[in-house]
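These notes concern the structure reproduced below.
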Amino acid sequence: MKSIVAVWVLCGALVEPAQVLTPRGVLLSKASFYDPKRDFNCLDGSGTIPFSYVNDDYCDCQDGSDEPGTAACPNGFFYCTNVGHTPLNIPSSRVNDGVCDCCDASDEYASNANCVDTCRELGRAAREEAAKQREERLKGYHLRQSMIEEGHKRKKDVQIKIEHLKKEKENAEAIRTEKEDIKKAAEEPEKLALEKYQTAEQEKKAVAEEEEKKKDEQEAREAFAHLDNNGDGYLTVDELQSRQTFDTNRDGHVSEEEAKFYLRQGDIMSKDDFFNSGWLMMRPVYNMDKRMFTPPSSTPTPPEESLTPPPPVFDEDNYGTEEEEDHEDFESNLDPEDESEDEDSEEYDNSEDDHDDAKEGEQKEEEDGPKYDDETQKLVDVANEAREQFDEADRHVRDLARELKSLEESQEKDYGPEEEFRVLEGNCFEYTDREYTYRLCPFDKAIQKPKSGHGETRLGQWGEWTGPEEYKYSRMLYSNGQACWNGPTRSADVQISCGTETKLIGVSEPNRCEYLFLLTSPAVCTKPEETNGDESTDHSHIEL
Ligand code: MAN
């Protein structure tokens, strides 16, 4: 049943010094298991067969080890020696399948594929390519040595600069303390001299406030007398209902509810309550009411266009443009939220007022002469000069502190085990594809810029080394970039391979807003292994 097709291959060219015969397709290192004088033990121990069953085109062993030279076992492997090039392990199914897989043509010994042995040519080309790559790697490795040297030098220089800056900062701090003392000494007499001005100013202000208060009180008294129709010292619902100005919903008459609103929900309001709180509510509408009986100062405006509720009913002929202003006052009294808004806008207005005041002050000063007497002015000038000098000294200290901080931070960064990446700091590398130009500034940031259009997108800030444990310096992560619409923040993964130049050779976006940068750099070039001079005998095998 089993035809014995034990085909023997002479591998003398490869094996020194003793010549070994192996069945077809057997890996040289396993040749000793195939001894024609003994039964064959399947390599996985699944059985023992007569040696004549080896390569008989029938699969006996579970691991396919009895059929290294045929396609009989689905899980077997065929070994091509490929003399002159690299040996290869191919799946047994490729034996005699009409396709040349082994460059020495050994896998197609019984097919019509007419394969020819091209191992020597291919081997030569591969060796040339390998030599070229080795050369590049070596060149990169030497460049890496210079990067290391430069990195160490820079680290030392930065350290020297840090020490220098620390001293400079100490001096600057001492100067600042001096200037601060001078400033304090100058401000003391200035403060005393200005106090008398401030006191006069405050007194003037107090008088003005007092006058204003009196004016308000007088106004309130007059208003009360006016509203208190029967002069009994109380305001009543009836009395307010007789004043159209309290018709807040403009339905033509003042309802009891509207009147009570101004009486703080009561039926009656005493004079004291009116002065304490009632007047504050009534004043805006009352003043409006007053104006309605004053001849207009400008063309009347139709009510519907200019007013929003709750305005008073008014005499169209007497309606003036100031009404809106009063209406706002009215609303601010009714609605606490509006009040805060009004405060805001008042604040805003105040700043303008301040500005105007300052201008006015300047003008006034020009008109009235200098603000202070000679002696005070001198003290103010001396204090101003001292303040300026202190500010300058303080600025200097802060500038030095900033510079120092940035250098110290840079000193703490991980520029690789031998400082080999340090020289890349401060440089940027670009790559342009169809849509974008990408820029990588090592230890700083990664950027994306559309070719057409403006603006840059931050893809990430320098984060950390993320390579595998054995060589973590082969990968960098730039994280916390601009947020992706409806997605995560952008990030860039930078994978570094050996090259004679630090260069971006590709950028892609494998996942939305996650970018992959391919960077070559001598910084990752390791020393190539020494070759033994006979590259044709490279017998490492590759399993397909
Ligand atoms: C921009 C670019 C793209 C990114 C989209 C996500 O167009 O940053 O790379 O995929 O935003 O919306």
Side-chain angles (χ1 to χ4, degrees), residues 129 133 136-137 139-141 143-144 147-148 150-151 154-155 158 402-403 405-526:
E129 182 54 31
Q133 277 186 17
E136 290 282 289
R137 205 173 186 83
K139 204 166 147 199
Y141 173 73
L143 287 169
R144 179 176 190 267
M147 289 172 91
I148 291 174
E150 182 61 23
R154 286 196 193 180
K155 184 173 185 177
V158 171
R402 210 174 303 120
E403 200 183 342
K405 188 166 172 251
S406 125
L407 287 181
E408 280 173 340
E409 273 171 11
S410 120
Q411 210 66 333
E412 277 163 23
K413 276 189 197 162
D414 184 353
Y415 292 109
E418 294 182 88
E419 296 292 318
E420 63 270 43
F421 290 96
R422 186 181 276 267
V423 289
L424 301 186
E425 169 113 75
N427 293 303
C428 296
F429 305 91
E430 287 195 350
Y431 178 83
T432 302
D433 67 9
R434 276 187 314 158
E435 234 182 307
Y436 302 106
T437 292
Y438 292 92
R439 191 162 66 245
L440 174 71
C441 306
F443 306 101
D444 185 9
K445 62 190 171 190
I447 299 278
Q448 179 193 56
K449 204 175 158 152
K451 268 159 84 176
S452 56
H454 313 282
E456 295 183 336
T457 307
R458 265 184 308 104
L459 302 186
Q461 292 296 120
W462 163 239
E464 56 184 329
W465 293 103
T466 49
E469 206 180 316
E470 62 276 18
Y471 200 59
K472 71 169 187 166
Y473 299 96
S474 59
R475 228 165 140 180
M476 293 169 150
L477 178 68
Y478 291 77
S479 49
N480 282 327
Q482 260 165 260
C484 190
W485 191 75
N486 255 349
T489 54
R490 289 175 171 76
S491 62
D493 174 13
V494 180
Q495 296 190 2
I496 315 170
S497 58
C498 168
T500 51
E501 205 186 327
T502 301
K503 201 170 149 189
L504 264 184
I505 56 166
V507 178
S508 55
E509 193 180 343
N511 296 310
R512 202 166 139 259
C513 295
E514 287 176 14
Y515 303 83
L516 174 65
F517 283 52
L518 299 179
L519 184 78
T520 60
S521 175
V524 294
C525 293
T526 49

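Hydrogens, waters and symmetry mates are skipped; everything else that's a heavy atom, side chains included, is used. The first residue in the sequence is number 1, and the count goes up from there. This structure is a prediction, so every number in the text was calculated from the model and none was measured. Atoms within each ligand, like the ligands themselves, are counted from 1 in listed order.
- The nearest protein atom to atom 7 (O) of ligand 1, hydrogens excluded, is given as Y436 OH, 3.3 Å; this is a heavy-atom distance.
- Ranking the protein heavy atoms by distance from atom 12 (O) of ligand 1 puts R512 NH2, 3.6 Å first.
- Under the 30°/60° scheme for interplanar angles, the aromatic rings of F421 and W465 are found to be tilted.
- Using a cut-off of 4.0 Å between Lys/Arg side-chain N and Asp/Glu carboxylate O, R154 and E425 are scored as not salt-bridged.
- With sequence neighbours left out, Y436 forms a ring-ring contact (aromatic ring centres under 6.0 Å, His included) with Y438.
- A salt bridge is absent between K413 and E409: the closest approach of a Lys/Arg side-chain nitrogen to an acidic carboxylate oxygen does not fall below 4.0 angstrom.
- Protein heavy atom in closest approach to atom 10 (O) of ligand 1: E509 OE2, 2.6 Å.
- Counting the atoms of ligand 1 from 1 in the order shown, those under 4.0 Å from a heavy atom of C513 are 6 (C).
- In terms of protein heavy-atom proximity, atom 2 (C) of ligand 1 is closest to Q448 OE1, 3.3 Å.
- Residue contacts with ligand 1 include R490, since one or more of its heavy atoms lies under 4.0 Å from the ligand.
- Of the polar atoms of Y515, at least one N or O is found under 3.5 Å from an N or O of ligand 1, judged by distance alone.
- The residues R490 and E514 are annotated as not salt-bridged, no charged nitrogen and carboxylate oxygen being separated by less than 4.0 angstrom.
- For ligand 1, none of its N or O atoms has an N or O atom of T457 under 3.5 Å away.
- Ion pairing between R422 and E419 holds under the 4.0 Å rule for side-chain N and carboxylate O.
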